[in-house]
Protein chains: 2
Amino acid sequence: MKVLIVEDEPKLAAFVKKGLEEQSWEVDVAFDGQMGSSLALSNSYDVIVLDVNLPKINGFELANLLRRENLRTPILMLTALGTLNDKISGFDAGADDYLVKPFEFQELIIRLRALQKRNSESGPTSNVLKIADLELDLNERIARRGGNRIELTAKEFGLLEYFIRNKGRVVSRVDIAEKVWDIHFDTGTNTIDVYVNFLRKKIDKEFEHKLIHTVVGMGYIMKEF
Amino acid sequence: MKVLIVEDEPKLAAFVKKGLEEQSWEVDVAFDGQMGSSLALSNSYDVIVLDVNLPKINGFELANLLRRENLRTPILMLTALGTLNDKISGFDAGADDYLVKPFEFQELIIRLRALQKRNSESGPTSNVLKIADLELDLNERIARRGGNRIELTAKEFGLLEYFIRNKGRVVSRVDIAEKVWDIHFDTGTNTIDVYVNFLRKKIDKEFEHKLIHTVVGMGYIMKEF
DNA sequence: TTTAAAAATAAGAATTTTTTCAGAAAAATT
DNA sequence: AATTTTTCTGAAAAAATTCTTATTTTTAAA
């Protein structure tokens, strides 16, 4: 579990850092918004703790900025004010939770755990895409199903990634051609079908619950049942 | 936005219900865990508000039960106690947020909005056409009626989509031929009639209230009664 | 009530779509 | 440069859908 704390008050920062490290979490501290922003964007944290009152860029602005940069990491805002307006601004800015200072350390931990847990369940922060018992590890570039490691070629991987990211939705062959092969015209060949077949052999064949389903006349869909 | 409140104290339940309805949210109230569980599992709510102290099944148990049933709807726990232990149990049981009684109504709204927003971000946005208890899911490319999943071929799907989009209006065979088949002349066959028949077998046959009605000499109309 | 037109249904032929296979071409690795 | 791996192609087999035709049933008007 990796946490970024953006907090200008050194004492508080140090206190929180120490406390979290005792939980054996990895902790980075940024002392202003600038530093916070660059750390947040260049590392992959599980959670970001963000003080509202910061020099230069304030917490709301920073949260906003990070969301505009498409960062999905959950953000917990620390606010000394605790008025409803602040809470609303916080959520609007893209925060996922907030905590009013002064707070009990235990409560911080609980809320961080909750954020992290919620995010890891179906989060784009995580580098593992999931559907049912199938995992696609974007770091290792490997698939796993039911404990088996499944190696995929580049094209197979790309196709599976596209399927999982669009699970529950029928994707047409044209969609696939454009998004996976980057081909924007009809080749007249059945390459896609052949690759679907390759994938099925690897991830579905020996399992009871198939994940890739054909929808005749429309395309394919990845779904649990 | 559809909310389920599980709360045994009638005054509080009524107060919250009224407040949320003023935000034009749909609100159901369950007065005990049993009722809460059956409502939660048979409807699809955006958020569930769950009191910890309930008769029969308590809030923690209920949250646990719902998660074991694979329900992913975000849960906000209401606790009168406010001790850290309760909060921890709440999160462990599968709650996504909690609020200590007594609370400001505005704060409840903020937290519910945040939960709902977060939930709707992940996964493809639902894309569903409806008439009466019939749903046509444009993502999954499947129809549902009264809990049954109904698979359709491409042509059947296209025809049903056209019917639903034009519900309450008589559509002629010429309209259908042009819009669904893209045929602009008379083929002399009764293909459309045959397909209407296919559709009826799948979506109307076993249900009391028929949705596809023949208007002799004119065409067909899809309507509730 | 009869009758002609309109619509619904059943069966199966025709067509389209999808899967699978074997192998060629291209790319990457040794 | 040779070998292995990956990507792609075309063709045949299998599966599913689409469409036609013929027949039965229903509707509405005479």
Side-chain angles (χ1 to χ4, degrees), chain A residues 141-143 149-163 170-207 210-223, chain B residues 141-143 149-163 170-207 210-223:
Chain A
R141 297 245 130 203
I142 208 167
R149 291 168 61 82
I150 301 168
E151 306 211 344
L152 300 169
T153 69
K155 273 283 172 317
E156 289 165 357
F157 193 93
L159 179 58
L160 182 53
E161 181 175 351
Y162 185 65
F163 273 142
V170 171
V171 292
S172 69
R173 288 180 176 71
V174 173
D175 290 339
I176 297 173
E178 291 188 348
K179 298 292 163 51
V180 181
W181 268 262
D182 199 27
I183 283 173
H184 301 269
F185 50 90
D186 186 3
T187 59
T189 71
N190 68 341
T191 310
I192 290 168
D193 303 51
V194 171
Y195 270 84
V196 169
N197 194 232
F198 287 164
L199 262 189
R200 278 178 161 155
K201 277 188 191 156
K202 291 191 175 182
I203 68 157
D204 264 350
K205 194 142 209 166
E206 53 199 320
F207 295 90
K210 310 301 181 194
L211 295 172
I212 301 172
H213 306 262
T214 36
V215 186
V216 177
M218 309 199 209
Y220 296 95
I221 183 172
M222 171 156 270
K223 63 177 179 180
Chain B
R141 300 242 132 203
I142 210 167
R149 294 168 61 82
I150 302 169
E151 305 211 345
L152 301 169
T153 69
K155 271 280 165 341
E156 289 164 359
F157 192 94
L159 179 59
L160 181 53
E161 182 176 351
Y162 185 66
F163 273 143
V170 173
V171 292
S172 70
R173 287 180 176 72
V174 174
D175 290 339
I176 297 173
E178 291 188 348
K179 297 293 163 50
V180 181
W181 267 262
D182 200 27
I183 282 173
H184 303 269
F185 50 89
D186 186 3
T187 59
T189 71
N190 70 339
T191 310
I192 291 169
D193 296 48
V194 170
Y195 270 84
V196 170
N197 191 230
F198 287 164
L199 261 190
R200 280 177 161 156
K201 276 188 192 158
K202 291 191 175 181
I203 68 157
D204 264 349
K205 192 143 209 166
E206 53 200 321
F207 295 90
K210 310 302 180 193
L211 295 172
I212 301 173
H213 305 266
T214 309
V215 185
V216 178
M218 312 252 209
Y220 299 94
I221 184 171
M222 169 157 270
K223 60 175 181 179

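It should be emphasised that the depicted structure is a prediction, and the values quoted were computed from it without experimental measurement. Note: hydrogens, waters and symmetry copies are ignored here, and every other heavy atom, side chains too, is used. Residue numbering restarts at 1 for every chain, and letters A, B, ... go by the order of the sequence lines.
Residue A/R173 places no side-chain N or O under 4.0 Å from the OP1 or OP2 atom of C/dT17. Of the side-chain N and O atoms in A/N197, none sit less than 4.0 angstrom from OP1 or OP2 of C/dT19. Between B/T214 and D/dT27 there is no side-chain N or O to OP1 or OP2 distance below 4.0 Å.
For the pair B/F157 CZ and D/dT18 P, the computed distance is 13 Å after rounding to whole Å. Whole-Å rounding puts the A/H213 NE2 to D/dA16 P distance at 14 Å. The NZ-P distance, from A/K205 to C/dT19, rounds to 12 Å in whole Å. At whole-Å resolution of the value, CZ in B/F198 and P in C/dA11 are 12 Å apart. Counting to the nearest Å, the P atom of D/dA16 and the NZ atom of B/K155 are 19 Å from each other. If you measure from atom NZ of A/K201 to atom C1' of D/dT7, you get 14 Å, rounded to the nearest angstrom. Taking atom CD on B/E151 and atom P on D/dA16, their separation rounds to 11 Å, with Å as the unit. Spacing between atom CG of B/L199 and atom P of D/dT18 amounts to 11 Å, rounded to whole angstrom units.
For B/D204 (side chain) and B/L211 (main-chain N/O), a donor-acceptor pair under 3.5 Å exists by modelled atom type.
Applying a 4.0 Å cut-off to non-hydrogen atoms, the residues of residues 180-195 of chain A that approach DNA chain C are A/N190, A/D193, A/V194, listed by residue number. Across residues 215-223 of chain A, A/V215, A/V216, A/G217, A/Y220 each have a non-hydrogen atom less than 4.0 Å from an atom of DNA chain C (numbered order).
Legend: residues meeting side-chain hydrogen bond (donor to acceptor under 3.5 Å, both in side chains) with A/T189, ordered by chain and number and at least two apart, are A/T187, A/T191. Applying the ring pair (Phe, Tyr, Trp, His ring centres under 6.0 Å) criterion to B/F157, with sequence neighbours excluded, gives no partner residue. For A/Y162, there are no ring pair (Phe, Tyr, Trp, His ring centres under 6.0 Å) partners at least two apart in sequence or on another chain. Annotation: salt bridge (Lys or Arg N to Asp or Glu O under 4.0 Å) contacts of B/R149 (sequence neighbours excluded): B/E140. For B/R173, the salt bridge (Lys or Arg N to Asp or Glu O under 4.0 Å) test picks out B/D193, with sequence neighbours left out. Judged as a salt bridge (Lys or Arg N to Asp or Glu O under 4.0 Å), and not counting sequence neighbours, A/K155 has no contacts. Applying the ring pair (Phe, Tyr, Trp, His ring centres under 6.0 Å) rule to A/F207 yields no partners; only residues at least two apart in sequence or on another chain are considered. Evaluation of the side-chain hydrogen bond (donor to acceptor under 3.5 Å, both in side chains) rule for A/T214 yields no partner, not counting sequence neighbours.
How far NZ of B/K210 is from CD1 of B/I203: 10.0 Å, rounded to the nearest 0.5 Å.
Under the Watson-Crick or G-U wobble criterion, with both distances below 3.5 Å, C/dT30 is paired with D/dA1.
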Under-3.5 Å N/O pairs linking protein and nucleotides 28-30 of chain C:
none

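Residue pairs meeting the salt bridge (charged side-chain N to carboxylate O under 4.0 Å, His left out) criterion with at least one member in residues 178-191 of chain B, sequence neighbours excluded, do not occur.
By the 4.5 Å heavy-atom criterion applied to side chains, B/F198 and B/T153 are not counted as neighbours.
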